[in-house]
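Just so you know, these numbers come straight off a predicted model, no measurement behind them. Chain naming here is simple, since letters A, B, ... match the order of the sequence lines and numbering starts at 1 in each.
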Amino acid sequence: MMATVPAHWLLKSEPDVFGYADLVRVGTEPWNGVRNYLARNHLRAMKVGDRALFYHSNAKPTGIAGVAKIVRAAYTDDLQFDSESVYHDSRSDPQEPRWSMVDVAPLLAFPEVLTLAQVRELPEWESSPLTQKGTRLSVFPVTPLQFRAALKAAGVKLARK
DNA sequence: GCCAACGTTGGC
DNA sequence: GCCAACGTTGGC
């Protein structure tokens, strides 16, 4: 089978809850708790080897903290069936679960958070759910140009695979 | 803490 | 099927 080019994504997380440093600490993390259909569809489109910019929302400062990689493709987010969980969804059918998650692992930490203000200055990012007013989507695709521009602005390079 | 913008819910 | 009300997100 021909290898496909890894796609690029952005994942938002509140660092008070789970930040890039936490991902580094735990090694691998199931990206659970996504309860938005568009975001879920993006999760389901992810493939092992894809890269994701790890964005800190509701933070000081807000911005991209590093790069993660997808290490497991979408599977059932079990929290939807956990009645104790805040992510419980009583209307999800176990035969056809509504919500999915992927596993992510750290790939490269930015030396400093690339702030939202800095991202806004990059022309490549002019049209993105990140910079468009009022968009709250927490998982969305990033173009190769946006990905490259973000890494360049952060002053980092990814080793070639 | 404020508030704009959005998605979801539920009454009709 | 419409749409008002509500809850949530997330920047500031």
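Toward the 5' end of DNA chain B, the nearer of the two residues Lys133(A) and Arg98(A), judged by each one's closest nucleotide, is Lys133(A).
Rounded to an integer number of Å, the gap from CG of Leu10(A) to P of dG10(C) is 11 Å. Distance, Asn58(A) CG to dT8(C) P: 14 Å, rounded to whole Å. Rounded to a whole Å, the CG atom of Leu137(A) is 17 Å from the P atom of dA5(B). For the pair Arg40(A) CZ and dG7(B) C1', the interatomic distance rounds to 14 Å; values are reported in whole Å. Following rounding to the nearest Å, Asp89(A) (CG) and dT8(C) (P) show an atom-to-atom distance of 14 Å. Distance, His56(A) NE2 to dT9(C) P: 17 Å, rounded to whole Å. We find that CZ of Phe140(A) is positioned 13 Å from C1' of dT9(C), with the value rounded to whole Å. Regarding Leu38(A), its CG atom lies at a distance of 8 Å from the P atom of dG7(B), rounded to whole Å.
Counting heavy atoms from C-beta outward, Phe54(A) and Phe18(A) have side chains that approach closer than 4.5 Å. For the pair Lys47(A) and Pro6(A), the minimum side-chain heavy-atom distance is 4.5 Å or more.
Gln118(A) places no side-chain N or O within 3.5 Å of a backbone atom of Ala153(A) that could act as its donor or acceptor partner.
Side-chain atoms of Arg91(A) lie closest to dT9(B) of the nucleotides dG10(C), dC12(C), dT9(B). Ranking dG7(B), dG10(C), dG11(C) by closeness to the Tyr55(A) side chain, first place goes to dG11(C).
Looking at heavy-atom distances under 4.0 Å, Arg35(A) makes no contact with the nucleic acid at all.
For the pair Arg136(A) and dG7(C), the criterion of a side-chain N or O lying under 4.0 Å from OP1 or OP2 is not met.
Going from atom OG of Ser138(A) over to atom CH2 of Trp31(A) covers 8.5 Å, rounded to the nearest 0.5 Å.
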